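Worth saying up front: this structure is predicted, and the values here are computed from it rather than measured.
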Amino acid sequence: MRAAPTILHLDMDAFYASVEQASKPSLRGKAVIVGGLGPRGVVATASYEARRFGVHSAMPTAQARRLCPNGAYLIPRFSLYREVSDLVMGLLRELSPLVEPLSLDEAFVDLEAGGTAFDSASARATGERLRADIAAATGLSGSVGLAGSKMLAKVASEEAKPAGLLLIEPGTERELLAPMSVRTLPGVGPATGEHLRRAGITTVGELAEAGEDELVRMVGKAHGVGLYRMALGLDDRPVVAERDAKSVSVEDTFDVDLHDRVRIRFEVQRLADRCVGRLRASGHSGRTIVLKVRRYDFSTLTRSETLRGPTDDPSVVREAAARLLEGVDTTGGVRLLGVGVTGLADYTQEDLFAQALGAGAEEGGAVAEGIAPEGVAPEGIAPDGVVPEGVAPEGEQGAGEPDGAGAAAGTAAAAAGAGGPVAEAGGPEAVAGRHWPAGSDVRHALYGPGWVQGSGVGRVTVRFEQPGSPPGRVRTFRLDDPELESSDPLPLVGRAEGAA
């Protein structure tokens, strides 16, 4: 614990939904839900307006539509979210060399290491200046927590939401924490919270009063000691600037269960190629190939094979994934497939892979079949893309991103992918198939830039507006209109193009 509140925690407010509202003027102040749009889609993030209807992250999109039928339901645009995140993280690194990203929209900063704060007054001034700089650079709001420890800084930013700043003065921690729910503390999920509730412990103050010995008896030594320290506001963890990636993975959820073994093998090969693309983009190679299969009954199986050395060769990964698939029974149907690579390194050993076939099974073997509940990624393979906001650990674990700097990129693309493979906005799949998912960016030869409001029955409806413009007009076109094409997202802050 520090004697001054010089650890800052930034958490952007409803990040994905806020980016969409900023880039689509007609959606500002309205309910926006970002996630998978198919029958098996999952909510990645909901705007504060949508949350008033009970919509939250990790909720099935079908349920969200029942709660908020008039909301705007959009696909995630991860490329834009990453660009905005890079701007925000750049501002944080101007404050200190010690910035620890937890996700695309969340990070700790050691202000003392950067010489930007040394007491409460300077810390508060730095936090307020940061919020103003973020608003100027992105048009978005973030909540800031300041405290003498990482745990308390995160608690403070959560209490400051939305668009606020809370500073916890050293020495006031226990008084502040005492009335809060035990679920406020990191690591206290629904199961632990319910276990404590049955024991009559619902607040952090009651947790502290129970004492270390009682908590150890209730939840075990490691967890009990940690809970007691957190209840007292004790946390000595440093801000760590560099965190190594642990895995790279991709996955897709399908609208209809796959039964055809040939189609399943094809999808595994396609996922293996995408995974290698992410692996190479991150500058890594990997030694262990992991296959994830979620069957018709929601049981999730994982198989892994460890090679003789790390690789980023797509043929090696494809072959290993195919071998793993042979050991999985898919006769009942498959709703999700995933391919991942763990045991990452920053080099390859190409000479070892001439005999890759069969080598992994001898050395690493397959992981025992494991059953995991729906929505829980088995150890060793992370979801593709971004972890939905509100799902622990909050944030995005993107392939090729540091662990925690991407745990948000896992389940959200699972959220995005839920409902079937969807090309990222502006991607070649969208162009070739003339498929226009809601929320994707388009450009018309006559009317300029806009975004898709919806499509069906051979028509696509587009609203022509852009960041910084007034709400735009809506027009409808044929799906195959030659003057309409996919486009890249426009910057959130900057000069608007000529109005349509």
Quiz: residues 218-232 side-chain donor-acceptor pairs under 3.5 angstrom, not counting sequence neighbours:
from: R229; atom 1: NH2; to: D236; atom 2: OD2; distance (Å): 3.4

To check you understand the geometry: which heavy-atom pair defines the closest contact between V276 and P314, and what is its length? CG2-CA, 3.8 Å

Least distance between heavy atoms, P25 atom then Q466 atom: CG-O, 3.3 Å

Identify, with sequence neighbours excluded, every residue that meets side chain to side chain donor-acceptor pair (under 3.5 Å) alongside E169. S120

Hey, what do you get for OG (S249) to CD1 (I289), rounding to the nearest 0.5 Å? 11.5 Å

E173 and I168, any side-chain heavy atoms less than 4.5 Å apart: yes

Working note: L98 + V109, criterion side-chain contact (heavy atoms from CB on, under 4.5 Å); need CA distance, chi angles, decisive distance, verdict. CA-CA 6 Å; L98 291 183; V109 184; over 6 Å; no

Main-chain N/O of G472 paired to R463 side chain as donor or acceptor, under 3.5 Å: yes

Check the pair T203 / M180 against side-chain contact (heavy atoms from CB on, under 4.5 Å), numbers first and verdict last. CA-CA 5 Å; T203 67; M180 293 183 179; over 6 Å; no

If only atom types and distance count, is the side chain of Y81 paired as donor or acceptor with the main-chain N or O of F15 below 3.5 Å? no

May I ask you to test the E106-L10 pair for a side-chain heavy-atom distance under 4.5 Å? no

Using 0.5 Å steps for rounding, measure from the CG atom of L8 to the CD atom of E112. 13.5 Å

Over all heavy atoms of both residues, which pair between G114 and S96 is shortest? Give the atoms and the distance, please. N-OG, 3.6 Å

R183 side chain to V188 backbone, donor-acceptor under 3.5 Å: yes

Electrostatic pair E158-K154, nearest N-O below 4.0 angstrom: no

For E465, salt bridge (Lys or Arg N to Asp or Glu O under 4.0 Å) partners two or more places apart: none

Under 4.0 Å between a side-chain nitrogen and a carboxylate oxygen: does that hold for E251 and R294? no

Taking atom CD of E194 as the centre, report whether more than 12 heavy atoms of other residues, nucleotides or ligands fall under 6.0 Å from it. yes

Would you list the pairs meeting salt bridge (Lys or Arg N to Asp or Glu O under 4.0 Å) in which at least one residue belongs to residues 20-30, sequence neighbours left out? E20-K24, E20-R77

What residues form a side chain to side chain donor-acceptor pair (under 3.5 Å) with D133, not counting sequence neighbours? none

Against L74, only a single residue in L37, L27, V452, I33 fulfils side chain to side chain contact (heavy atoms under 4.5 Å, CB included); can you say which? L27

Heavy atoms, side chains only, cut-off 4.5 Å: are S181 and T184 in contact? yes

Answer with yes or no whether the side chains of D313 and T311 bring together a donor and an acceptor at under 3.5 Å. no

Rounded distance (nearest 0.5 Å) linking atom CG of D105 with atom OG of S85: 7.5 Å

Interatomic distance, Q63 atom CD to C68 atom SG [nearest 0.5 angstrom]: 12.5 Å

Is the backbone of L111 close enough, under 3.5 Å, to the side chain of T116 for a donor and an acceptor to pair up by distance? yes

Taking the side chain as everything from C-beta on, heavy atoms only, tell me whether L344 gets closer than 4.5 Å to L279. yes

Compare all side-chain heavy atoms of V239 with those of I7 and state whether any distance is below 4.5 angstrom. yes

Taking the side chain as everything from C-beta on, heavy atoms only, tell me whether L130 gets closer than 4.5 Å to L95. yes

Partners meeting side chain to side chain donor-acceptor pair (under 3.5 Å) with T288 (sequence neighbours left out): T306

Determine yes or no for a side-chain-to-main-chain donor-acceptor pair under 3.5 angstrom, with S47 supplying the side chain and V32 the backbone. yes

Would you call R280-D312 a salt bridge at under 4.0 Å N-O? yes

Could you tell me whether the side chain of L492 reaches within less than 4.5 Å of the side chain of V84, counting heavy atoms only? yes

Short N-O contact, R274 and D252, less than 4.0 angstrom: yes

Using the rule given for side-chain contact (heavy atoms from CB on, under 4.5 Å), can you reason through L152 versus L177, listing the C-alpha separation, both sets of side-chain angles and the distance that settles it, and then say yes or no? CA-CA 9 Å; L152 290 168; L177 289 172; 3.8 Å; yes

Salt bridge (Lys or Arg N to Asp or Glu O under 4.0 Å) with R2: which residues, sequence neighbours excluded? D110

Looking only at the side chains, is there a donor atom on one of R197 and T202 sitting less than 3.5 Å from an acceptor on the other? no

List the residues meeting side chain to side chain donor-acceptor pair (under 3.5 Å) with R65, not counting sequence neighbours, and say none if there are none. none

Do the non-hydrogen side-chain atoms of D441 and D488 ever get within less than 4.5 Å of each other? no

Quick one: ring-ring contact (aromatic ring centres under 6.0 Å, His included) pairs with a partner in residues 104-143, sequence neighbours left out? H9-F108

Salt bridge (Lys or Arg N to Asp or Glu O under 4.0 Å) partners of E128, counting only residues at least two apart: R131

Show the atom names and distances, to 0.1 Å, of all donor-acceptor pairs under 3.5 Å that link a side chain in residues 136-147 to residues at least two apart or in another chain.
from: T138; atom 1: OG1; to: I134; atom 2: O; distance (Å): 2.7
from: T138; atom 1: OG1; to: L140; atom 2: N; distance (Å): 3.1
from: S141; atom 1: OG; to: D13; atom 2: OD2; distance (Å): 2.8
from: S143; atom 1: OG; to: D13; atom 2: OD1; distance (Å): 2.8
from: S143; atom 1: OG; to: A163; atom 2: N; distance (Å): 3.1

Is there a side-chain contact (heavy atoms from CB on, under 4.5 Å) between C275 and V248? Walk through the geometry before answering. CA-CA 7 Å; C275 183; V248 169; 4.2 Å; yes

If only side-chain N and O atoms count, and only distance matters, is there a donor-acceptor pair under 3.5 Å linking E83 with S79? no

To the nearest 0.5 Å, what is the distance between CD on E100 and CG on L92? 12.0 Å

Residue pairs involving residues 167-201 (criterion ring-ring contact (aromatic ring centres under 6.0 Å, His included); sequence neighbours excluded): none

